[in-house]
K.L.:
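Below are the structure tokens for one structure; questions will follow.
Note that this is a predicted model, so its numbers are computed, not measured. Protein chains get the first letters and strands the later ones, always in sequence-line order, with residue 1 at the start of each.
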Amino acid sequence: MFKPVSSKTDFAQMEEGVLAFWREHGTFKKSIENRSDAAEFVFYDGPPFATGLPHYGHLLAGTIKDIVPRYQAMRGHRVERRFGWDCHGLPIEALAQEALGLAGAPAIKEAGVDVFNEQCRSMVTTYVEEWEKTVTRMGRWVDFQNDYKTMDKDFMETIWWVFSELWKQGRIYKAHRIMPYSWKLNTPLSNFEAGRNYQDVQDPAVTVRVKLNNFEFDNAFALLWTTTPWTLPSNLAICAGPDIDYIAVRDKKSDDIFLLAESRLGTYYKEEGQYEPLKKFKGIELDGLTYEPLFDFFKDNPNSFRLLLDPFVTTEDGTGIVHLAPAYGEDDYRICMDASIGFVDPLDADCKFTAQVPDWAGQFCKDADKAIIQRLKDEGKLIHQSTIQHSYPFCERTDTPLIYRAIDAWYVRVEDLREEMLANNAQVHWMPEYVGDKRFANWLAEARDWNISRNRFWGSCIPLWINVDNPDDRICFSSVAELEKFSGRKINDLHKHTLDEVTFVKDGHLYRRTPEVLDCWFESGSMPYAQQHYPFENKAHFEANFPAHFIAEGLDQTRGWFYTLMVLSTALFKKPAFRNVVVNGLVLAEDGHKMSKRLKNYPDPLHVIHEYGADALRLYMINSPVVKAESLRFSEKGVKHALRHLLIPLWNSYSFFVTYANIDTWTPEGSKPGQSSNLLDRWIESSLANLCQEVTAAMDNYDLQRAVRPFVTFIEDLTNWYIRRSRRRFWKSDDDFDKQQAYATLYHVLIELCKIAAPFIPFIAEEIYRNLRTDNMPESVHLCDFPTAADARRDPKLEQQMRIVMDVVVMGRQLRKDHDVKVRQPLRRLDVVSRDSELLNQVDELKEIIAEELNVHQVVFGDDESGLATLSAKANFKTLGPKFGKKVQLINMAIQKFSAQDLQRAASGGELVLKTGGETFELTANDIIVERIPKEGLAVQAQGALVVAIDLELDEALLREGLARELIKEVQQLRKANGLEVTDRIHLKIAADEAVNQAAVAFDDYIKAEVLALSIETIATEGETVDLNGHPCTIAVEKA
RNA sequence: GGGCGUGUAGCUCAGUUGGUUAGAGCGCGUCCCUGAUAAGGACGAGGUCCCAGGUUCGAUUCCUGGCACGCCCA
């Protein structure tokens, strides 16, 4: 006996039961241990920040990260799955700042970095429990006990090793980066932070002139425009766009000659008469000009005060010539560094001018604007002055304007790795392909050196100690032991507050750590090595199992994790870090916008799981373009749909099987699957083999959506064809051979289907499997081997035959509908005419299926369509096009004019020689598409090479049978209305006219069998009066 | 501004190595069935396959240029 199954089940509750089973039996652990000798399938989990609850994006990625490992485990691999946590970085620092009420870096320093970091450490695990609960509830198998955290000492030590390897390669260098800087907090901010507080402000906008030295006109000046006059003392170059049109004009008022972009003339001169055009130049022709510095402060700076060219210059505002102060602008910095100019930064930590600019020393830079403008005016260098209103970034803590300036930064040299990274990327299988071929490859091809330092507190530390007397003397540590040896101290924690206190003296010089921490992307990119504490531990194991077989993350990781993994693995091992990667798209709210907690435009994930179950949610997400990096509008209706159209039908197939197997006390012992002589059985087995092949092929290609789709067809075939057509085989009261075959087949199909579906819908597959399994089978479906996709189990001919049968049935139904004859009315004969009639004639069972399905007495297969349809033909462009090119139109015209004889020949598959337009064409049957047009006045349907005709004529006998059927239907409804069990026997009384009585007598046995009646009496009775095809009839049903 | 993607029925999405008649589900309408179904089934209505050029015997599909939306970067 199987455990009885209700057709109505609470899926969420069922899943909880499965979770309990897995927990009690350690099934996940077993799924790894029972493959202990098998080849490893290596999976890397990208670590999330656990600074909030998991959202749909996490659930989606988690589902992909579950399906592939489950599949690979069933395919015979050992698949370890460790969860990872990204513990460092700004998200957690922001939470800690809030908790401690600290605004900005100085406040943190004041409170103590140790206090702050310990606060961070204590908060990292705040959401861990919730994550574990949700991830587990989704059915994802992943090891939370043996997880890795980027703040673990071992992990952080490997980070040192990674850094030191790059250091040894000479890839680490110190430079500057232009960053938003809060002068109030004395600290740089990230671009992200800077983007969160824009305010509209008024700033001065001045146009100044610099005197050109070597221009072809004397007394000539280039005009420059800026909204930051305080940067003018630090000017070291000017810049023009190579393709911009410039013009030199004589200013009639001053008689000076000005150089500016031609399209900007209008902003400086209201009327054309105010200037005299002298000569036009392309920007590129201005190359090599030099000019006199505006101020004396840096007049001796090498290579400076030249006109440089760069395409970043626009003519949207200003003069088309840009003033460059390399310390205070990203483009300024880049262009001046390329021109070997360097930079000057005469501002202190508070952004006050230093002694390098004595005139305004001690004055806050922006406050100096006025004095600087006044000076330029006094010296006649100011051409124009106004104010501009624009949106400008402010410090979100102090509401003071941010200053963009050069900050010390450590870089990894990446640009020389481009070629090698591209070659490594070519070895990676991306799903979808274009993300790797286009998006990622383009990004790699233009990879820039990577700024890995952050001026923050909670992170892995840069393991560089610097000689305080000579900043160029640096020592890089690759292990804790090494530092302990140098410092003579025992080191238990590698965070900033501990390490910054570790100093040592070597050769009489004091060494201190450089204060920055590492970008947390450096840590996640090092995860393959650091999670194993390589090379301090697991050396051989790691080296034998790198790179990973599989990773999966969202599209947003193209420039994130995917990139940092690639940079580090290429630099360290000259390999990619992963072989296969599935990239998922964004999960949006149903309205197409981002999911927003504030707007509440999406349902709570836990609500969805509890309402429909995790399997339904998994299935919905996977059967969508989101697994191919496109975005998904999340819809609760979609989840419901997955449940209704796939999971419930599957469940009902199972419940149907169990119900009848229990009634018949059928057991699987001794049943031999796959050997049935029954046509439907053989067909569903073949379909199952087909399903297995399709799923396997798609999964081996990491195409999850394609892997899920065939289930839709299969479930449809199973429920609405196989089971529906086989129902009566299970009802038969005697225990005959065919019934045994039906049980054996449905049993086998359900078990195998569970195995194939297990990676995708692990709960329902487990639940069904566990009830159906026998003692000699593994205790969990997830411990089974994935069915092998053997061609031998396919029967393509049978699949083709069944396909035709299904088509015939559809056409037959259409015919009945067209002629308004309901299926309950039996008809005499159906003719199926087809070129494949031979194929059909081989199997009598096909006729039976069609006859039953369409309620006709006789089905005749034949090949003479002449009485039913006329033929017409058209060209098969697909085959003719490649052969004859332009001439296909000519051929098509000839084909459409075919004689009856030609048509017949083409329809019977003969070859034809066509003469048209003075040319001769040899055509095969394939080149001509013959269509059948039903003859007028007949009940005929045609589709392709198939013609179906139905005989609509009704005689006495057929009408009588129709009445009997109507009667049966009404009785069945009464049985149900009276609340009878399906096995209850009844006594039936009917009172009706002669026609109905005759039908009841003629089909006495049939009616009794169908409605389980022990007796039928045709006498006057109280009861329900119904209409049977126009005959009134009173029916009384009495339980026997 | 750049890179990449998407645009197909009212909605959510398949599909097309270029072939003349473009599919599914939901929703809608009509009907059937109800002895597995928080049901199931049949039939029907509904489409300038974003727009404009080009290549081709033939373009929804390939190319170019637009437009709209999205992601990432600047």
Side-chain angles (χ1 to χ4, degrees), chain A residues 5-11 191 311-312 314 316 330-331 432 434-435 437-443 445-446 448 554-560 585-586 588 590 592-594 611-612 620 623-625 628-635 637-638 640-645 647-660 705-706 709 712-713 716 719-721 723-724 726-728 730-731 809-810 812-814 816-818 820 822-824 874-882 884-892 929 931 943-944 969 972-973 975-976 980-984 1010-1012:
Chain A
V5 179
S6 163
S7 66
K8 295 186 179 181
T9 194
D10 181 334
F11 283 87
N191 277 313
F312 100 96
T314 70
E316 272 165 33
E330 214 170 312
D331 287 308
Y434 72 82
V435 177
D437 286 358
K438 302 283 176 82
R439 210 174 224 254
F440 194 58
N442 288 351
W443 177 251
E446 284 167 42
R448 304 258 299 271
L555 188 60
D556 50 337
Q557 296 299 326
T558 315
R559 273 93 167 151
L586 236 72
L588 303 174
E590 194 163 11
H593 294 109
K594 278 194 178 172
E611 186 75 21
Y612 310 101
Y620 164 66
N623 189 18
S624 83
K628 289 197 299 191
E630 286 173 37
S631 52
L632 170 70
R633 291 184 174 201
F634 185 89
S635 151
K637 273 184 264 167
K640 198 172 169 184
H641 183 259
L643 182 66
R644 275 163 68 155
H645 286 268
L647 299 182
I648 289 174
L650 170 61
W651 185 265
N652 287 325
S653 306
Y654 157 66
S655 120
F656 171 86
F657 170 80
V658 169
T659 304
Y660 286 94
Q705 193 186 10
R706 268 211 151 80
R709 218 177 291 145
V712 180
T713 320
E716 173 102 7
T719 59
N720 291 328
W721 194 250
I723 293 185
R724 191 161 62 77
S726 299
R727 269 186 301 198
R728 283 169 182 267
F730 293 89
W731 300 344
V809 167
V810 167
R813 277 198 284 252
Q814 262 168 11
R816 278 183 170 274
K817 175 102 180 167
D818 291 346
D820 207 20
K822 56 178 119 178
V823 179
R824 220 179 297 123
K874 67 177 182 185
N876 181 358
F877 289 93
K878 196 167 186 174
T879 59
L880 289 170
F884 301 114
K886 282 183 201 207
K887 294 163 190 160
V888 289
Q889 300 301 359
L890 197 66
I891 298 171
N892 187 33
I929 297 171
E931 289 177 327
Q943 179 195 307
K969 178 209 143 193
Q972 299 290 31
Q973 279 188 348
R975 284 183 59 115
K976 195 158 199 177
L980 296 176
E981 293 296 320
V982 297
T983 47
D984 285 340
E1010 284 296 309
V1011 304
L1012 301 183

K.L.:
Please classify the nucleic acid contact of A:E446 as base, sugar-phosphate, or nothing, using heavy-atom distances under 4.0 Å.
P.N.:
nothing

K.L.:
With both distances under 3.5 Å as the test, what is the Watson-Crick or G-U wobble partner of B:rU21?
P.N.:
none

K.L.:
As a test of reading the structure: which of B:rC26, B:rU6, B:rG15 is closest to the side chain of A:E630, going by heavy atoms?
P.N.:
B:rU6

K.L.:
What is the nucleic acid contact for A:Y434, judged by heavy atoms within less than 4.0 Å: base, sugar-phosphate only, or nothing?
P.N.:
sugar-phosphate

K.L.:
Checking contacts here: which listed nucleotide (B:rA36, B:rG35, B:rA38) is nearest the side-chain heavy atoms of A:I648?
P.N.:
B:rA38

K.L.:
Check the distance between B:rG58's P and A:I891's CD1 and give it to me in whole angstrom.
P.N.:
15 Å

K.L.:
Counting Watson-Crick and G-U wobble pairs only, both distances under 3.5 Å, name the nucleotide matched with B:rA45, or none.
P.N.:
none

K.L.:
Please classify the nucleic acid contact of A:R633 as base, sugar-phosphate, or nothing, using heavy-atom distances under 4.0 Å.
P.N.:
sugar-phosphate

K.L.:
NA contact type, A:V888, heavy-atom cut-off 4.0 Å: base, sugar-phosphate, or nothing?
P.N.:
base

K.L.:
Any donor and acceptor pair, going by atom type alone, linking the side chain of A:R439 with main-chain N or O of A:V435 inside 3.5 Å?
P.N.:
no

K.L.:
Between A:Y620 (side chain only) and A:S635 (backbone N and O only), is there a donor and an acceptor less than 3.5 Å apart?
P.N.:
yes

K.L.:
Given the P atoms of B:rU12 and B:rA74, what is the spacing between them in whole Å?
P.N.:
32 Å

K.L.:
Measure from the side chain of A:T719, starting at C-beta and using heavy atoms only, and say which of B:rG35, B:rG44, B:rA36 lies closest.
P.N.:
B:rA36

K.L.:
From the list B:rC4, B:rC57, B:rG25, which nucleotide is the closest neighbour of the side chain of A:H641?
P.N.:
B:rG25

K.L.:
Which part of the nucleic acid, if any, lies within contact of A:S655, taking any heavy atom under 4.0 Å across all strands shown: a base, the sugar-phosphate backbone alone, or nothing?
P.N.:
sugar-phosphate

K.L.:
Check whether any side-chain heavy atom of A:V712 sits under 4.5 Å from a side-chain heavy atom of A:H645, and report yes or no.
P.N.:
no

K.L.:
Among B:rU12, B:rC71, B:rU34, which nucleotide has an atom closest to any side-chain atom of A:K969?
P.N.:
B:rU34

K.L.:
Please report the distance, rounded to the nearest Å, between CG in A:D331 and P in B:rG1.
P.N.:
16 Å

K.L.:
With hydrogens left out and only the distance checked, is there a donor-acceptor pair under 3.5 Å joining A:R439's side chain and the base of B:rC72?
P.N.:
no

K.L.:
Looking only at heavy atoms, what is the nearest atom pair of A:P625 and A:Q705, with distance?
P.N.:
N-NE2, 3.7 Å

K.L.:
Starting at CD1 of A:I723 and ending at C1' of B:rG40, how long is that distance when rounded to a whole Å?
P.N.:
12 Å

K.L.:
Categorize A:R975 for me: base, sugar-phosphate, or nothing, with a 4.0 angstrom heavy-atom threshold over every strand shown.
P.N.:
nothing

K.L.:
Have a look at A:P432 and say if it touches a base, only the backbone sugar-phosphate, or nothing, with a 4.0 Å heavy-atom cut-off.
P.N.:
nothing

K.L.:
Considering Watson-Crick and G-U wobble pairs with both distances under 3.5 Å, what does B:rA9 pair with?
P.N.:
none

K.L.:
Please work out if A:V435 contacts a base, only the sugar-phosphate, or nothing of the nucleic acid, heavy-atom cut-off 4.0 Å.
P.N.:
nothing

K.L.:
Rounding to an integer number of angstrom, what distance separates B:rU34 and B:rA14 when you compare their C1' atoms?
P.N.:
32 Å

K.L.:
When rounded to the nearest Å, what value does the distance between C1' atoms of B:rG58 and B:rG19 take?
P.N.:
7 Å

K.L.:
Among the candidates B:rG15, B:rA14, B:rG19, find the nucleotide nearest to the side-chain atoms of A:K878.
P.N.:
B:rG19

K.L.:
Rounded to the nearest Å, what distance is computed from the NZ atom of residue A:K628 to the P atom of nucleotide B:rG7?
P.N.:
10 Å

K.L.:
If you only use heavy atoms from C-beta on, which nucleotide in B:rA38, B:rA14, B:rA36 is closest to the side chain of A:F11?
P.N.:
B:rA38

K.L.:
Hunt down the Watson-Crick or G-U wobble partner of B:rA36, both distances under 3.5 Å, from any strand shown, or write none.
P.N.:
none

K.L.:
So, for A:L880 and A:A875, which heavy atoms are closest and what is the spacing to 0.1 Å?
P.N.:
CD1-CB, 3.5 Å

K.L.:
Can you tell me the distance, in whole Å, between the OH atom of A:Y620 and the C1' atom of B:rC26?
P.N.:
12 Å

K.L.:
Heavy atoms, side chains only, cut-off 4.5 Å: are A:I648 and A:F11 in contact?
P.N.:
yes

K.L.:
What is the distance, to the nearest angstrom, from the CG atom on A:N652 to the C1' atom on B:rA38?
P.N.:
10 Å

K.L.:
Take atom C1' in B:rU21 and the same atom in B:rA38, then report the distance between them in whole Å.
P.N.:
39 Å

K.L.:
Side chain of A:R727, heavy atoms from C-beta onward: which of B:rA36, B:rC13, B:rU34 has the nearest atom to it?
P.N.:
B:rA36

K.L.:
In whole angstrom, give me the gap between the P atoms of B:rA22 and B:rC26.
P.N.:
22 Å

K.L.:
Taking 4.0 Å as the cut-off, does a side-chain nitrogen or oxygen of A:H645 come that near to OP1 or OP2 on B:rC26?
P.N.:
yes

K.L.:
Counting just side-chain N and O atoms, does A:N720 come under 4.0 Å of either OP1 or OP2 of B:rG41?
P.N.:
yes

K.L.:
Using Watson-Crick or G-U wobble geometry with both distances below 3.5 Å, tell me the partner of B:rG65, or none.
P.N.:
B:rC51

K.L.:
If pairing requires Watson-Crick or G-U wobble contacts with both distances under 3.5 Å, which nucleotide is the partner of B:rG1?
P.N.:
B:rC73

K.L.:
B:rG23 and B:rC49: how far apart are their C1' atoms, nearest whole angstrom?
P.N.:
12 Å

K.L.:
Counting N and O atoms only, with roles assigned by atom type, does the side chain of A:R633 sit under 3.5 Å from a partner on the main chain of A:L588, one being a donor and the other an acceptor?
P.N.:
no

K.L.:
Between A:F656 and A:N442, which residue's closest nucleotide on RNA chain B lies nearer the 5′ terminus?
P.N.:
A:N442

K.L.:
Please check if the side chain of A:E1010 supplies one atom and the backbone of A:Q972 the other of a donor-acceptor pair under 3.5 Å.
P.N.:
no

K.L.:
Which of these nucleotides, B:rG35, B:rC71, B:rA38, is closest to any side-chain atom of A:L555?
P.N.:
B:rC71

K.L.:
Atom CZ of A:F730 and atom OG1 of A:T659: how far apart are they, to the nearest 0.5 Å?
P.N.:
11.5 Å

K.L.:
Closest nucleotide of RNA chain B for A:K438 versus for A:E716: which of these residues is on the 5' side?
P.N.:
A:K438

K.L.:
What is the distance from NZ of A:K640 to C1' of B:rC26, rounded to the nearest Å?
P.N.:
11 Å

K.L.:
Taking the minimum atom-to-atom distance to the side chain of A:Q814, which one of B:rC43, B:rA36, B:rA38 wins?
P.N.:
B:rC43

K.L.:
P atom, B:rG46 versus B:rG3: distance in rounded Å?
P.N.:
42 Å

K.L.:
Please give, in whole Å, the distance from B:rG40 P to A:L647 CG?
P.N.:
13 Å

K.L.:
How about A:W651 and A:Y654: are their ring centroids closer than 6.0 Å?
P.N.:
yes

K.L.:
Please classify the nucleic acid contact of A:T9 as base, sugar-phosphate, or nothing, using heavy-atom distances under 4.0 Å.
P.N.:
base

K.L.:
Are A:R813 and B:rC43 close enough that a side-chain N or O sits under 4.0 Å from OP1 or OP2?
P.N.:
no

K.L.:
Across the strands shown, which category fits A:E1010 at heavy-atom distances under 4.0 angstrom: base, sugar-phosphate, nothing?
P.N.:
base

K.L.:
When you compare B:rC50 with B:rA59, how far apart are their P atoms, in angstrom units rounded to a whole number?
P.N.:
15 Å

